[in-house]
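The structure under discussion appears below in the form of structure tokens.
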There are 2 protein chains.
Amino acid sequence: MAEVRNKQVILKDYVRGFPKESDMIVTSSNLKLKLPEGSKGVLVKNLYLSCDPYMRTRMSYHDTSASYVDSFKPASPISGHGVSKVLESGDPNLKEGDLVWGMTGWEEYSILNATQGLFKIHHTDVPLSYYTGILGMPGMTAYAGFYELASPKKGEYVYVSAASGAVGQLVGQFAKLVGCYAVGSAGSKEKVDLLKDKFGFDDAFNYKEEPELDAALKRYFPEGIDIYFENVGGKMLDAVLLNLRDHARIPLCGMISQYNLEKPEGVHNLMQLILRNARMEGFVVGEYYHLYPKFLEFILPHIRQGNIQYVEDIAEGLESGPAALIGLFSGRNVGKQVVVVSRE
Amino acid sequence: MAEVRNKQVILKDYVRGFPKESDMIVTSSNLKLKLPEGSKGVLVKNLYLSCDPYMRTRMSYHDTSASYVDSFKPASPISGHGVSKVLESGDPNLKEGDLVWGMTGWEEYSILNATQGLFKIHHTDVPLSYYTGILGMPGMTAYAGFYELASPKKGEYVYVSAASGAVGQLVGQFAKLVGCYAVGSAGSKEKVDLLKDKFGFDDAFNYKEEPELDAALKRYFPEGIDIYFENVGGKMLDAVLLNLRDHARIPLCGMISQYNLEKPEGVHNLMQLILRNARMEGFVVGEYYHLYPKFLEFILPHIRQGNIQYVEDIAEGLESGPAALIGLFSGRNVGKQVVVVSRE
């Protein structure tokens, strides 16, 4: 049986405040390319790894009340969503050569003890890396949050924060498919241009250049906001609350602006939810995976026909993983941040 | 045509911070007991006036973004919900002697120019004052917020703040009717006893005696909270957010702890809504009045059969109005605060 050096991204210790590249190291250990006797899991070769904002919460120590997933284990490889190739399978539904996406390790090869969370990939006429984004967890997140929670109607005013990210870029395009008016915000001119020129948002702005978020929103939404797709939290949410239309909906997808703070910022304007008969609803995409087949049926034709644009920011090699992951929190990435471990 | 002295409660000027009895004066002016020529409104004699927390927001100057109702006009009589007797009607659907409830002036007699917001009272075998509370706006508020927004299920854990108030006492009893476990909080031993002994809450506590609200909630809800009926806002909401069960619902009815602050307190734990797939939904009862006939059909038998208890705090005479209204904000009232102007 082959033994390989298995390159891995290790979390050195729990992180407080803003994470740094040096909080992780890339090292390697020996691995026998063989499933343990009687295993019902799979041995996989990891191809693409997904950098997602929620992973920040796993870098800190927390009990179960602080996240829907456990903390990473210090001195162990971190984990996340990825696309992998099955090398050996103890699950009769998966066989050698199958491609899957789901939770895997940040390493070249992983032994996954359970296969419940893995999705077999059936459509390979689209780039495989898409299964870390538009065709994977972030795609389902955008779909569930927008269509299921926000119940959009034609002509409604939709605002998306972190709009050039993996989820935001899709929400904006979904909004346009429904016939909504869509405005996005992001943190650089390059991203704002992307929103308008590539993703077809009706308008977009750089939140970093707005001294008053409330004033900015009043400029972009003189009629107010029907749907706010929340990715950032904090001050932005507070400003949005002052600009709601009656019966507004706010799907809470994430709050990336808060993940590096010791204590989250206070949100002061919740009374507006009462005055506007408005709804704010948090969700974890895991609750919506039963819709995944329906989602694929919806999104694949749009991708093939070029109705939906999708932008990835590709980092080459597992070594580039720590910088790519950290870059999410300074907004360095443009589009969905992916790490390529191997292209096949 | 008779001319009378019409006693009135006047707001002296816009209020900032905690309102005082002296912010209002009781005075009187002459009134001809006659509708203006061609009026489609009604001339009414006011019998019972309702003291409601939302009235605080009307005492301050605000633009339309701060409330669903206009500010009171300084130097004019304030207004609110009340039960009145029609003396003269320009509306063919109402006639002399009819009893109505809806918005009226804090005065002995009012000329109401529009009748759209008035509900004719058909059931007089229950105390008329009930139409300021259990059979009026607060009753509909409890009904809509609990049954329509919170979709309660048997066995769920329900927490009600300001639980001995007009709305809270009903929500707790509705929760018990559904078969939920209900805990209420209030601000005195007398009220806590009332919750347990009179209204049948499974448990109750005095929030003023709890140095740590989070710890208190963990004690009363070791399994967490499915439904939080929000009447107070601020720190209580923040503590509740740390104790949610998965798929929790939070109907936002009011935030009485915030109404006297220049700037509302910050709420820090909204991320919990995401982790718990939880929903927070504001509402204004005006959106639900189409359910009023259905509500009456539901609640009247419960009142007649004694299944639902209802406690009022009755202040005698319009002169007692300012103190009664201000008392809401220090929690002086025990049960629904009503002002009797006249018993017939």
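Order of the sequence lines sets the chain letters (A, B, ...), proteins ahead of strands, with each chain counted from 1.
- There is no contact between L149(B) and chain A, counting heavy-atom distances below 4.5 Å.
- You'll find the side chain of R279(A) reaches within 4.5 Å of the side chain of R279(B), heavy atoms only.
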One pair to check against side chain to side chain contact (heavy atoms under 4.5 Å, CB included): H247(B) and E287(A). What are the steps and the verdict? CA-CA 10 Å; H247(B) 298 284; E287(A) 301 281 308; 2.7 Å; yes

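- Considering only heavy-atom pairs separated by less than 4.5 Å from chain B, the leading option among D246(A), N277(A), I250(A) is N277(A).
- Top candidate by heavy-atom pairs under 4.5 Å with chain B, chosen from V267(A), L270(A), L273(A), is V267(A).
- Among residues at least two apart or in separate chains, side-chain hydrogen bond (donor to acceptor under 3.5 Å, both in side chains) pairs with a member in residues 147-161 of chain A are E156(A)-R249(A), Y159(A)-S185(A), S161(A)-Y228(A).
- Listed by first and then second residue, the salt bridge (Lys or Arg N to Asp or Glu O under 4.0 Å) pairs involving residues 221-232 of chain B are D226(B)-R245(B) (not counting sequence neighbours).
- Chosen from D238(B), I274(B), N243(B), the residue pairing most often with chain A at heavy-atom distances under 4.5 Å is I274(B).
- Contacts of residues 252-265 of chain A with chain B at a heavy-atom distance below 4.5 Å involve L252(A), C253(A), G254(A), M255(A), Y259(A), K263(A), P264(A), E265(A), listed in sequence order.
- Taking the side-chain hydrogen bond (donor to acceptor under 3.5 Å, both in side chains) definition, one finds that K73(A) meets it with nothing, sequence neighbours left out.
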